[in-house]
Amino acid sequence: MKTIQLTAQTQKDLLTSLLKRSPGNYTKYEFTVAEIIDKVKEEGDSALFSYTKKFDKWEMNADNIRVTEAEIEEAFADAEEEFIEVMKRAAANITDFHKKQLRNSWIDTKPDGSILGQRIIPVGISGVYVPGGKAAYPSSLLMNVLPAKVAGVKRIILTTPAGADGKVNPGTLVAARIAGVDEIYKVGGAQAIAAMAFGTQSIPKVDKITGPGNIFVALAKKACFGYVSIDSIAGPSEILVIADETANPRYVAADLLSQAEHDELASAILITTSKKLAEEVTIQIDGFLKELSRADIIRKSLDNYGYILLADSLEDAVAAANEIASEHLEILTKDPYYVMTKIQNAGAIFLGEYSSEPLGDYYAGPNHTLPTNGTAKFFSPLNVDDFMKKTSIISYSREALERAHKDIEMFAEKEGLTAHANSVRVRFQESRQTGGRNE
């Protein structure tokens, strides 16, 4: 990791470097993605079968595109019972947390007869994408499906690629059953996103698409946004740790590496007021790299986007953290709760030395689908509201409208929209008109 002094210039340079990882910078793949989307729109299942043979190396057809009950039972038979129970406990925590986010429809009535309200209902069909192969993450499935279940979505489908043998990762199937997925289709890549966005003969068109994926999946979600709602266009994983001299360097090092192992574009940043801690963390990192199975990936990640920033004060550290707006933010200071009150921008905040980032990835309950690449300044974690639609309700009596009609007419006329003004005015004109009435 590069150790540098935190200044306005080094912070600016760091932000520029981190933003290079945004999916928006991979325009060279956009033509390929657009081509896949267009073909799926035009040809439906036929395009899915063709792309599956090309990319996943197995023969898909209308009879085997959907995972069967027998395949799910086989997955449960092959899975470790202990791991199944762990997933169930994690699912319970995730469900309990998201239930607290539920909001109800409401109506507000006033004595003059005006009624205002908001109707909150779930989307009809939600689609979840889960990567396959070595990148299969059952935890991501739980995090994407369970908020939709809590929201009350009636139909949840899953697309995920199968291996060359036509089989889906068993951990994914077990997690899907635990979470309550209704249908599972063996389709991956940009073609899976297109299928959910536009529908095919086998896969229904959905209202919302969520879930992680590679750059082709991310760009496909971006291209389909507007035809369908999406969660976000996620970038590579990232962690930022604010630490002072009281932090345990071994814990700090381990937590930084927990994100660096994702891929070579992952970012791991330590901002500290202690030069001694910085030196000790570096030593601990070197030690861990001799033990960890993904050491090669971690080294490349740290070489590319690993930083230790030496801050003159805790206030400077917090200011930098708010500018970086990291996906995961750990606070390992003497008083982490005080520091938390100064944080404005972060996807998820972890407080204290026993709240390491993987706790949020797998088990605690808050969603691990988080804003990346600085988007925590204006985006939130995936939540129940993402699967809800809100509709406004307006009902005015004559008395209520009479008090407001001149204001409305003036607004409309100032905007040059005379038909708008007329729509209100006619209700208070004294002369009778065809199709209307006056009282």
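None of the values given here were measured: they were computed from a predicted structure.
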Would you say the side-chain atoms of [X] and [Y] include a donor-acceptor pair closer than 3.5 Å?
| X | Y | value |
| --- | --- | --- |
| T369 | N367 | yes |
| S229 | K208 | yes |
| N373 | E238 | no |
| T333 | D244 | no |
| T68 | E71 | yes |

Taking [X] for its side chain and [Y] for its backbone only, find out whether a donor-acceptor pair lies under 3.5 Å.
| X | Y | result |
| --- | --- | --- |
| T95 | A91 | yes |
| T160 | V130 | yes |
| K342 | V318 | no |
| Q5 | L310 | yes |
| T272 | A278 | no |
| D207 | V123 | no |
| Y51 | A190 | no |
| S46 | E43 | no |
| S355 | F350 | no |
| N345 | N322 | yes |

With rounding to the nearest 0.5 angstrom, report the [atom1] to [atom2] distance, [X] to [Y].
| X | Y | atom1 | atom2 | value |
| --- | --- | --- | --- | --- |
| D255 | E357 | CG | CD | 8.0 Å |
| I298 | S293 | CD1 | OG | 7.5 Å |
| I193 | F225 | CD1 | CZ | 14.0 Å |
| L14 | Y305 | CG | OH | 10.5 Å |
| I349 | I331 | CD1 | CD1 | 5.5 Å |
| L332 | L351 | CG | CG | 9.0 Å |

Using every non-hydrogen atom in the two residues, find where [X] and [Y] come nearest and quote the distance to one decimal.
| X | Y | answer |
| --- | --- | --- |
| A321 | I271 | N-CD1, 4.1 Å |
| N383 | H98 | CA-CD2, 4.3 Å |
| E261 | I297 | O-CG2, 3.6 Å |
| P147 | V384 | O-CG2, 3.9 Å |
| L6 | D316 | CD2-O, 3.7 Å |
| H368 | S139 | CE1-OG, 3.4 Å |

Are [X] and [Y] close enough for a salt bridge, meaning some N to O gap below 4.0 Å?
| X | Y | answer |
| --- | --- | --- |
| E35 | K39 | no |
| E59 | K53 | yes |
| D385 | R103 | yes |
| K167 | E74 | yes |
| E30 | K222 | yes |
| K377 | E323 | yes |

- Determine, step by step, whether Q259 and S237 satisfy the side chain to side chain donor-acceptor pair (under 3.5 Å) criterion, reporting the C-alpha distance in whole Å, the side-chain angles of both residues, the deciding distance to 0.1 Å, and the verdict. CA-CA 6 Å; Q259 291 306 291; S237 188; 2.2 Å; yes
Does atom [atom1] ([X]) have a neighbourhood of more than 12 heavy atoms from anything else shown, all under 6.0 Å?
| X | atom1 | answer |
| --- | --- | --- |
| K390 | NZ | yes |
| F411 | CZ | no |
| E85 | CD | yes |
| F288 | CZ | yes |
| E82 | CD | no |
| K154 | NZ | no |
| F378 | CZ | yes |
| R119 | CZ | no |

- Task: Check the pair M196, T159 against side chain to side chain contact (heavy atoms under 4.5 Å, CB included), reporting the backbone distance first and the verdict last.
- Result: CA-CA 8 Å; M196 290 190 284; T159 59; 3.2 Å; yes
- Cationic tip of K54 within the cone over F49's six-membered ring, i.e. under 6.0 Å and within 45° of the normal?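 So K54 doesn't make the cation-pi contact.
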- Angle class for the Y137/H262 ring planes (parallel below 30°, perpendicular above 60°, tilted otherwise)?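 Rings of Y137 and H262: perpendicular, over 60°.
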- Query: Going through the distances and angles, do L102 and V150 end up as a side chain to side chain contact (heavy atoms under 4.5 Å, CB included)?
  - Reply: CA-CA 8 Å; L102 278 170; V150 170; 3.9 Å; yes
Decide yes or no for [X] and [Y]: does some side-chain heavy atom of the first lie under 4.5 Å from some side-chain heavy atom of the second?
| X | Y | value |
| --- | --- | --- |
| S126 | F387 | yes |
| D45 | N61 | no |
| L309 | L270 | no |
| V40 | L48 | yes |
| E330 | I242 | no |

- Message: Walk me through whether M60 and V187 qualify under side chain to side chain contact (heavy atoms under 4.5 Å, CB included).
- Response: CA-CA 9 Å; M60 176 190 284; V187 184; 3.8 Å; yes
- Message: Please determine whether salt bridge (charged side-chain N to carboxylate O under 4.0 Å, His left out) holds for the pair E69 and R177, giving the CA-CA distance in whole Å, both sets of side-chain angles, and the decisive distance to 0.1 Å.
- Response: CA-CA 10 Å; E69 185 64 29; R177 173 52 55 85; 2.9 Å; yes
- Return each pair, listed once, that meets salt bridge (charged side-chain N to carboxylate O under 4.0 Å, His left out) where at least one residue sits in residues 263-272; pairs must be two or more places apart or across chains.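 Those involving residues 263-272 are E264-K300.
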- Considering residues at least two apart in sequence or located in another chain, which fulfil the salt bridge (charged side-chain N to carboxylate O under 4.0 Å, His left out) criterion with R155?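 Checked R155 against salt bridge (charged side-chain N to carboxylate O under 4.0 Å, His left out); matches are E183.
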- Mind checking what makes side-chain hydrogen bond (donor to acceptor under 3.5 Å, both in side chains) contact with R66, not counting sequence neighbours?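 R66 satisfies side-chain hydrogen bond (donor to acceptor under 3.5 Å, both in side chains) with no residue once adjacent residues are dropped.
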- Item | Stepwise side chain to side chain contact (heavy atoms under 4.5 Å, CB included) test for Y307 and S267 | CA-CA 8 Å; Y307 297 89; S267 169; 5.5 Å; no
